[in-house]
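Take a look at the structure set out below.
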Number of protein chains: 2
Amino acid sequence: MSATDTGIAAPTAPTVKAESILAAARRTFLASGFGAASMDAIAREAGASKATLYVYFSSKEELFGAVIARESERYAQGFSAGDLDPGDVEASLTFFANRFLRLLLSPDIIAINRIIIGEVVRFPALAEVFWQAGPERVRVQLEGFFRRAAAAGTLDIADTRLAAGQFASLVRGELHQQYLFGLGKPDDKALSAAAKNAVATFLRAFGTRK
Amino acid sequence: MSATDTGIAAPTAPTVKAESILAAARRTFLASGFGAASMDAIAREAGASKATLYVYFSSKEELFGAVIARESERYAQGFSAGDLDPGDVEASLTFFANRFLRLLLSPDIIAINRIIIGEVVRFPALAEVFWQAGPERVRVQLEGFFRRAAAAGTLDIADTRLAAGQFASLVRGELHQQYLFGLGKPDDKALSAAAKNAVATFLRAFGTRK
DNA sequence: GTCTATAATTGGATAGAC
DNA sequence: GTCTATCCAATTATAGAC
């Protein structure tokens, strides 16, 4: 409020409005996909008019891009393997597998996976962004851990990059695909069992005898 | 041509027209997805009018369903593991992995995967159909082979169902996901290498010494 | 059965008042 | 900056002639 205040009610601060639009767009896109989500619906969800949407985002595509970019950012936030102990690979990998699987199967991540895969042809750049922020990041973390474990002699791995991909694939297993296809979410016990089974098989292949 | 032939040029036989519409719809949906494909475009591609489309399929959704159902049918046609030799697991699994991977990464299968995943929310039943005809069928074939190999003592597997899922996951690896996201198709040599690596790891875990 | 022409609706985007 | 009201293009679906 300055001395030149006109007395007219100050409109909502721009960033707040933009935030609420982004949040509404996020909910709407994730629930309906790009094609089925209308700007009308997003405006309604945001409690704003369509015209206001277009003040902040010049097109539906741009708004979608902003949503996906932000969600990609959040994907693997703080998903590190740096604090895992190469001395106890079974415990470390089990811990990692459980965290990874629960992240992967969380409703938000499944929804964003579906959207990006469904819109790859129209938005190839967004898929690339998501890949780098998500799967690739996880693989790099895993590979670092395997390099340390191989050096410590607790895992018998020659190609750490390959092993990281294979471990991630084992953990994803059928569950990820199955859930992408909308075929029933497993309960918590099933997730823990899946993680345990993946680790067991991986250790049968690459574990070292004590 | 009967004695009551009016002399008016006989219209194209219904099945032929329906076929050409289905084929055009298949190409259009697979190329653009459900939302971006218009009935106009499909009619043009089929060399028919929109009105004719609606004679055979009462809505866009129904036409889409017909396309997906047919493609699902073709998915794993003749994808059997019955002729694999449990006596030579390495050769058998390598053969299987190569076939499976090439099927999975073929442009048509990738396209249909993208569409179904992208439209799961709107068409959950189609996802179920595809799953049964595709991934589930492959898993069943694999499990049968593993049961035989376990009985023959050439593989050390307790849970054949679990092992089938794990083997399929290892073979898919990162390639499947990566290609779903549109990140470059691997060449033939890379595919063979991926198959070989998957088999090698699987055999490290479940192979038996001779 | 097949077409042309069109109805009816939806949805992205904008003009203009405040 | 925000809203209401509206424009306009695209799209699903159908009516009616042949």
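Every chain is numbered from 1 and lettered A, B, ... according to where its sequence line falls, protein lines coming before strand lines.
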Where protein sits on nucleotides 4-18 of chain D, one letter per nucleotide: B base, S sugar-phosphate only, - none, heavy atoms under 4.0 Å: B-------BBBB---
Rounded interatomic separation in angstrom, taking CZ from B/Arg44 and P from C/dC3: 14 Å
Pairs satisfying salt bridge (charged side-chain N to carboxylate O under 4.0 Å, His left out), at least one member in residues 111-121 of chain B, at least two apart: B/Glu119-B/Arg122
Expected list for residues 29-42 of chain B: side-chain donor-acceptor pairs under 3.5 angstrom, two or more places apart:
| unit_1 | atom_1 | unit_2 | atom_2 | d |
| --- | --- | --- | --- | --- |
| B/Ser32 | OG | B/Thr28 | O | 3.4 |
| B/Ser38 | OG | B/Ala41 | N | 3.0 |
| B/Asp40 | OD2 | B/Lys50 | NZ | 3.3 |

Sequence neighbours excluded - ring pair (Phe, Tyr, Trp, His ring centres under 6.0 Å) pairs with any residue from residues 95-117 of chain A: A/Phe79-A/Phe96
Length of the line joining A/Phe57:CZ and C/dG12:P, which is rounded to integer Å: 15 Å
d(OH, A/Tyr56; P, C/dA13) in whole Å: 18 Å
Pairs flagged by salt bridge (charged side-chain N to carboxylate O under 4.0 Å, His left out) wherever residues 124-137 of chain B is involved - sequence neighbours left out: B/Glu136-B/Arg139
Pairs flagged by salt bridge (charged side-chain N to carboxylate O under 4.0 Å, His left out) wherever residues 20-33 of chain B is involved - sequence neighbours left out: B/Arg26-B/Glu71, B/Arg26-B/Asp108, B/Arg27-B/Glu45
